[in-house]
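We name chains A, B, ... by the order of the sequence lines, and we start the count at 1 in each one.
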Amino acid sequence: MNDTLSAVLKTLNERQYQAVTHNPEIPLQILAGPGSGKTKVLTSRVAYLVQEHKLRPSDICAVTFTNKAASEMRERLNLLIGEEQTKKLRLGTFHALCARFLRQWGKTIGLTDRFTICDADESKKIITNLLKAYDGQLKARRLTLQPGEVLSSISNAKAKGLSSADLFAQAENDIHQIIAELYASYTEALKKMNALDFDDLLVYGVRLYDKEPTLAAWCQHVLVDEFQDTNSMQYRLMLQLAAIHRCVSVVGDPDQSIYGWRAADVGNISAMQKNFTDCKQIMLEHNYRSTGAILGASIAIVSQDTSRIQKALVTDHAQGTKPALLTFAIEQTEANFIAKEIKRLVACSGGMLSWKDFAILLRFNALSRTLEAALQKESIPNRVLAGHKFFERLEIKDILAYLQLIDNPNYVPAFSRAINVPSRSIGEKTIAAVLEAAASREKSPMELLEGIYEGRYPDVKPAVKGKIREFIPLHQQLRTMANEGGAVPDLIRHIITATRYEDHLRKTQPDWDTRWENVQELINYAQQFDQDPEDIVELPSVEGEDGAPETPLRLFLQASMLSTDTESDDDKNKDTNKVVLSTCHAAKGLEWPVVFVPGVEQGIFPFYRNDDVAEERRLLYVACTRAQAFLYVSYCSKRMTAGEIKDRTISDFISKIPADQKKVFDKAAPIVGPKCIEEVAKVLRRDPPDTDIVEKATKEFGSFAPPRENLLDPNANIYKNTIRGPGSHLAFSSSRNTEPATFQPARMAGIASIANPYPTRSSSQPPPPSQSQPQTPHPLMAWASNKPKSASGPKKFRPMPSSSQPPAGATATLSTFQSTSIDSLKAMKNLGATETAGAPDMVALGRGAGTKRLGMGFSAGGYKPPSKRAKQE
DNA sequence: TCGCAATCCATTTTT
DNA sequence: TGGATTGCGA
C-alpha cells in the first residue's frame, strides 16, 4: 500500500474504514447519506482492491452515473494509485461501458462494429418522421401525440427491458397501441441505419452477456456509484458482470433517488439483498458537509415521507445559522433579493466567501431567466450549469453529421443534415425522395447518390444530380482519409474548407463568430483526443468475434455522443469564480457554502406534472443538503406562469412540516456578524477573514442585518431600514420604484468600497473610487468597483485583466482545503505545499457578469446564451 | 426552398 | 412573456 492511500485511510471514520476494507468476496452495500464521503469511500475502495488485494485494474469495473462523476473518480484515483493504473480501470457510465463492450463483442449478437450512437435529438427526429404516418388516424380520433411523449414511453419500456410486443400486449387504449407500433418501427428504422440509441446500449449490453456470460470472466469486482438511480437494465448488467466472481460493492442513498422518471428503481437496493443473500450493509450517517441547522431542516423535509427508511444523519459541525424561509411578492423581488444577499454575504464575510461559493438551485432551467437578469444587473458573474451542451450546438452537430456520415453512410439523421449544409437547395421533399429510392434499391442513401452522380442510377423526382457535384467527391475524399486512419482534426479541417463552412455560418447565423470559435474548439478537442484516447485497454478477445480495430474517427464519435458535460475535463472552467445556477438534478453530488432554493411553491415543488410527489420531495432534500453553511428557501406569492401572473402558495413540503419542527427555519435572512463568520470558517475549513476587515465593515454597515420587513410588497425598499450610514443611499432597486439615490461621498476610499456592497445603477451616482488602492486591492474592491454595464452592454464574458489576478506565489494554505476534496489529496501528496500568510485569495473576483454556460466548456471566451435557433431545427 | 410574419402555446429532470 | 411553430408569398 502506498503512502497516499494509507494517509487517506487514516482520515476515514470507523464506518468508512470498514467499508473501504471490507472483504471483497462478500457483496457490499453502502448506504451513504449526503455529505458522508461516499465518493471518497468508493475511490479508496478501488485503490484498496488494487493495492492490498492485488487486483489488476483492468479486472475492475467501476460504474458511475455521469461522465462528470467518472472523471472526478479518475482524477482522485490518479493521485491514489497513479495514472498508469487508473487508465487501465474499466471506469465509466453504464452507457459508455456498454458501448465499449459492444464495439468489441457486438458481433456475438449480430451487431456490426460500425454502429452509430443516436442521441436523443436524432431519436426524436426519427420518431417525428414515423409519426407522420399516423397523422390522419390521430386527427380522425381527435388525439394528439407528441414525439417527445412517444420517445419517453419507448425509452421507459426499454429501460425496463420491454419489447414493442410487450408494450403492445399491455396497451390499454389506442394511444398505447400506436406508441407500441411506433416503438416497433423505430426499432426497425434504427436497425436499418445501423444505429443504437442510448437505451439500446444497455439493452444490447444485457443481450450480449445473456448470450455469452463468459464474456464477463475478466470482471473480478464491480463497483456501482449512485446505485439508487440504476434502472432495471443497469441492474441486470451489474448482475451479469458480477455473475462469475460475485464481488460487488455499491454505494447509494434511497433518500437521494431522483431519477424515477428515467425508470430508476430504488427497489434495486432490496433486490440486491435478495440476489446476494450474504450481502453486507454499511450505513454512512456522518455528514461532513453541513451545519446541524441545515441538516435539521433537510431531515424535517425528507422525513415527511412516511414510507422512507429511517436513517440518521449527524454532524460534528456546529448548529450554525438557521436556514431562512422567505416570502416574496413576485419572482423579480425574489431574484433581486438573492443577488443583493449574495453581495451582503461576500461583504459580511470579509471576502471569505466569493462568487463561486454560491449556488442557486432550481427545479427547472427556465426559472433561471429572472435570476440571470438580477445577477446581471448587479454585475455578479454567473454561469448556468448544464443548459446547452457543447455537442448539441448547431455548428457542432453540422460537423458531426459529416463525420458520422463518413463512418456510417446508412445513418439517416447525419445524411439528412449534412446533405443540405451549407444549403444545396435540397429540402425535405428531395431528401424524402432520395431515402425512398435508396430503400427500394436496398442501398444506403449515400450509395444511391453516388450512383446518381456517376449516372448509374436515374435521378430522383426533384432532381438532385446537379446539386451534389461537390458533395459526392467531398464525401469520397473524406471516406478515403478516414479509412486510411486519418486524424480527426484533419478530417474536420477538410470538411470546413471544402464546404466553406465559415462563410456559411457568416451568412446564416447572426452570432457566427462565436459559433466559428466553437468549431475551432471542436478541432482542439479532437486534437487532444487524438493524443490521449480513452479506452486504450484491450478487452479480452474472442476468437473470430472481435470487432474491427477502432479508427480514430469512431473513437472520437463515440466519445462525442456519450459526452454530456465536457466541462469536467476542461480546466479552464474550474477556477472560474462565478455564482452557479443549476437545476437540482444537476447539483447532485456537489456542494456549496451558500445555497438558495427559490420557487419552493406548489406546482414547482412538487412540479405539477410529476405524479411522484415523494420523488419531488427528495429532490428538494437533495437541493437543501448541498448547502454547507447557509441555506435559503424561498417562494413567491405571485409568479408569472404561462404568460400570466398567478397566485402561488408555499410548497406542501415546507408547510406540512409538523408544528413541532417548524422552528427549523427562520422567517428572516440571518444576521451575519463576526461570530457567525467565525463559525462558518470552521465549517468550511477556511481561514477566518481578518477581524479588522470584518469589524470595520460591521461598523459601516450598522448591524449587518438583513432585510426583515415587508417582503411581500413588490416595491418595498427592503434594505432601507437595515443598512445605515453610508450604505443608506443604496436604495434597493426593485422593478420600478427606485428611491432617488442620494450619494454620500466615500470617507476613506478602501473602506467606503467595502461598505458599499450595493452600488446602485443610478446615473446620479459618481463612479466608485475604484483606482484608490492599486497596490493592495482589497478583495471586495473587485466587485465594489465593478461598474454596472450599460443596459445594452456586451454580453460576452471578458477575461479578467491580469492586474486583478492573485499575486504570484499565492497558494492556498493546507487548511483551506476541504478535507475530502481532490485538492486535499493533492495536498497530501504534495506535502511541500507553500503556506501563505494572511490575505484571503479572493482577489480574483471576476469582472463583467457575462453568463457562461458550462455545458460547452470549450472556448473560454464568447459563449452566448443559445439563441432561438441555437437549438438546431 | 427559403424567409418572414402571424399565431399559438405554455414552461422538467438527463445518459 | 418569450419562444416555437405554422402559413404565406417570393
Sugar-phosphate, base or nothing in reach of Phe94(A), heavy atoms under 4.0 Å: nothing
Touch class at under 4.0 angstrom, heavy-atom based, for Gly643(A) against every strand present: base
Criterion salt bridge (charged side-chain N to carboxylate O under 4.0 Å, His left out) against Asp197(A), the qualifying member of Lys191(A), Lys125(A), Lys158(A), Lys124(A): Lys158(A)
Phosphate OP1/OP2 of dT14(B) contacted by Thr66(A) side-chain N/O (<4.0 Å): no
Rounded distance in Å - NZ (Lys158(A)) to P (dT15(B)): 18 Å
Given DNA chain B, 5'-ward residue of the pair Met640(A) and Thr508(A), judged by closest heavy atom: Thr508(A)
Where Val222(A) and Met238(A) come nearest, the two heavy atoms and their spacing: CG1-CG, 4.2 Å
Given dT14(B), dT15(B), dT12(B), the nucleotide with the shortest approach to the side chain of Ala586(A): dT14(B)
Nearest listed nucleotide, side chain of Tyr259(A), among dT12(B), dT15(B), dT14(B): dT14(B)
Donor + acceptor pair across side chains of Asn365(A), Thr583(A) (<3.5 Å): no
Distance-only side-chain donor-acceptor flag, Asp398(A) / Tyr501(A), under 3.5 Å: yes
Protein-nucleotide distance (Arg618(A), atom CZ; dT12(B), atom P), rounded to Å: 21 Å
Nearest-Å distance for atom pair CG/C1', residues Asp199(A) and dT15(B): 8 Å
By side chain to side chain contact (heavy atoms under 4.5 Å, CB included) - contacts of Ser416(A) (at least two apart): Val412(A), Ile431(A)
Distance, rounded to the nearest Å, where Lys124(A) contributes NZ and dA4(C) contributes P: 11 Å
Asp255(A)/Arg618(A) ion pair, N-O < 4.0 Å: no
Nearest-Å distance for atom pair CD1/P, residues Ile645(A) and dG2(C): 13 Å
Rounded P spacing from dT13(B) to dA4(C) in Å: 14 Å
Side-chain touch Tyr235(A)/Asp265(A), heavy atoms, less than 4.5 angstrom: no
Whole-Å distance separating the CZ atom of Arg617(A) from the P atom of dT13(B): 21 Å
Sugar-phosphate, base or nothing in reach of Tyr608(A), heavy atoms under 4.0 Å: sugar-phosphate
Nearest listed nucleotide, side chain of Arg369(A), among dG3(C), dT1(B), dT13(B): dG3(C)
Side chain to side chain contact (heavy atoms under 4.5 Å, CB included) involving Leu590(A) - partner list, sequence neighbours excluded: Lys68(A), Leu385(A), Trp592(A)
Phosphate-side-chain proximity, Asn365(A) and dT13(B), N/O vs OP1/OP2 below 4.0 Å: yes
Asn610(A) CG - dT12(B) C1' separation (whole Å): 8 Å
Stretch residues 418-426 of chain A: residues that reach within less than 4.0 Å of DNA chain B through a heavy atom: Asn420(A), Ser423(A), Ser425(A), Ile426(A)
d(CD1, Ile604(A); C1', dT12(B)) in whole Å: 11 Å
Ring-on-base stacking dT13(B) with Trp261(A) (under 5.5 Å, under 30°): yes
